[in-house]
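Inspection log for the structure reproduced underneath, given as structure tokens.
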Protein chains: 2
Amino acid sequence: MTSDRLQDSGLAREIEFLNARARSIGSALANELLQAHGLRVRSYSVLALACGGLRPTQRQLAEFLRLDPSQIVALVDELEAAGLVRREPDPSDRRSKVIVATESGESTYAQARIETARAEDAALAALTPAERTVLRELMTKIAFTPLGED
Amino acid sequence: MTSDRLQDSGLAREIEFLNARARSIGSALANELLQAHGLRVRSYSVLALACGGLRPTQRQLAEFLRLDPSQIVALVDELEAAGLVRREPDPSDRRSKVIVATESGESTYAQARIETARAEDAALAALTPAERTVLRELMTKIAFTPLGED
DNA sequence: TATTGTTATACTCTATAACTATA
DNA sequence: TATAGTTATAGAGTATAACAATA
């Protein structure tokens, strides 16, 4: 790579930069592999949480995915139009709607999951299995770090 | 957090998701702190590479930051209009332009660097110094993993 | 009063293609 | 023929505010 020498910059030691670059690589690949199933990274994430009986409300999806509630509306609309999820009334709060995967949604998710596993494997090719485990643990900690007002 | 139970989902174990969430937290904070200097994460990154005598071409910036060359044009335009960088002719190739920070740019970068260090410290609050070192090493590996055609 | 989902709007970021000047 | 920078355009992602129904 002709830009290799830029790794001598201070920027190359900033986590924020490394994270942005890793995510650019990872999401480009994941989006490419997911498009065979009519999904992108964000819609896949919503679908994944709608599967397995978790029954999240839209508000919980927004918080967990760090997306604005209005974005969840659009993503659920899209998945619902494709017949992959349903909005169900929340018995405990009539304001809320619970998002549930249809049979087709569960099946699509199962297939798409294979693609994201492939993408992850490619993105982490430079790491040993032990290193991958460590990375996952550290990333989990920072992904769920409360930031003062969070 | 009312969505905590969604950590039981398979999604919560996917690196791509953890990365997206960590980056959302990190870049929101970094953008907030950088705005006092008239910068955002992307313009800061270009400025950082223009500092310290690295003399990157626009093409090298594009490759290193994984941005399209046309995006570099806009970012350099913006930094140039603010008097923070200059385009200089590349003696070895008249097609290329070398991006160099002005004195004002070096000074702005030095101040902005303090903010990104604060943002990083907040984002990594849950990790020990040793864990931060490990994370940086692992992230460096995956951020510079060649992906087949890359 | 506060919260859930919704609509609307604007802005930032990303992706592509085509053009020019140089190599 | 290929590459560096540029322009243009469209689409995806992000951020904010306001509203109706419900708590």
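So that the names make sense, note that chain A is the first sequence line, chain B the second, and so on, each numbered from 1. The figures here come from the full heavy-atom set of this structure, side chains too, leaving out hydrogens, waters and symmetry mates.
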- line: Tested for side chain to side chain contact (heavy atoms under 4.5 Å, CB included) against A:I142, the lone hit among B:L135, B:I25, B:L18 is B:L135
message: Nearest to the side chain of B:R59, heavy atoms from C-beta on, is which of D:dT6, D:dA4, C:dT6?
response: D:dA4
message: Can a side-chain donor-acceptor contact be found between B:R113 and B:T116 if the only test is distance below 3.5 angstrom?
response: yes
query: Any side-chain N or O of A:R87 less than 4.0 Å from the OP1 or OP2 oxygen of C:dT6?
result: yes
- prompt: So does B:Q58 get a side-chain nitrogen or oxygen closer than 4.0 Å to the phosphate oxygens (OP1/OP2) of D:dT6?
  reply: yes
field: Spacing of B:Q71 atom CD relative to D:dG13 atom P, expressed in whole Å
entry: 14 Å
message: OP1 or OP2 of D:dA4 versus the side-chain N and O atoms of B:Q60: is any pair under 4.0 Å?
response: no
query: A:E88 and salt bridge (Lys or Arg N to Asp or Glu O under 4.0 Å): which partner among A:R94, A:R55, A:K97?
result: A:R55
task: Choose from C:dT14, C:dA21, D:dG5 the nucleotide whose nearest atom is closest to any side-chain atom of B:R42.
output: C:dT14
- prompt: Does the side chain of A:R94 get closer than 4.0 angstrom to OP1 or OP2 of D:dA23 through an N or O atom?
  reply: yes
message: Side chains of A:R21 and A:S24 only: does a donor on one sit below 3.5 Å from an acceptor on the other?
response: no
query: Is any NZ, NE, NH1 or NH2 atom of the basic residue among A:R13 and A:D8 found under 4.0 Å from an Asp or Glu carboxylate oxygen of the other?
result: no
- line: By nearest-nucleotide position on DNA chain D, the 5'-leaning member of A:T2 and B:D77 is A:T2
field: Under 3.5 Å donor-acceptor pair, A:S70 side-chain atoms to D:dT16 base atoms
entry: yes
statement: Of A:V73 and A:S27, the one whose closest nucleotide on DNA chain C sits nearer the 5' end is A:V73
- request: Counting heavy atoms from C-beta on, name the nucleotide in D:dT14, D:dT6, C:dT14 closest to the side chain of B:R23.
  value: C:dT14
- prompt: So which nucleotide from D:dT7, D:dA23, C:dG5 ends up closest to the side chain of A:R95?
  reply: D:dA23
Distance, rounded to the nearest Å, where A:I99 contributes CD1 and C:dT6 contributes C1': 13 Å
- request: Find the distance B:L29:CG to D:dA15:P and express it as a whole number of Å.
  value: 12 Å
message: Rounding to an integer number of Å, can you tell me how far A:E32 CD sits from C:dT14 C1'?
response: 15 Å
task: Could you tell me whether the phosphate oxygens of D:dG13, OP1 or OP2, come under 4.0 Å of any side-chain nitrogen or oxygen in A:R40?
output: yes
query: What does B:D90 touch in the nucleic acid at a heavy-atom separation under 4.0 angstrom: a base, only the sugar-phosphate, or nothing?
result: nothing
task: Rounded to the nearest angstrom, tell me the gap between atom CG in A:D93 and atom P in C:dT3.
output: 12 Å
field: Touch class at under 4.0 angstrom, heavy-atom based, for B:S24 against every strand present
entry: nothing
- line: Taken to the nearest whole Å, CG/B:D68 to P/D:dA8 is 16 Å
- prompt: What is the distance from CG of B:L75 to P of C:dC13, rounded to the nearest Å?
  reply: 8 Å
message: What's A:L67 touching, base or sugar-phosphate or nothing? Going by heavy atoms closer than 4.0 Å.
response: sugar-phosphate
- prompt: Is there a donor in the side chain of A:E14 and an acceptor in the side chain of B:Y44, or the other way round, less than 3.5 Å apart?
  reply: yes
message: What is the distance, to the nearest angstrom, from the CG atom on A:L65 to the P atom on D:dA15?
response: 14 Å
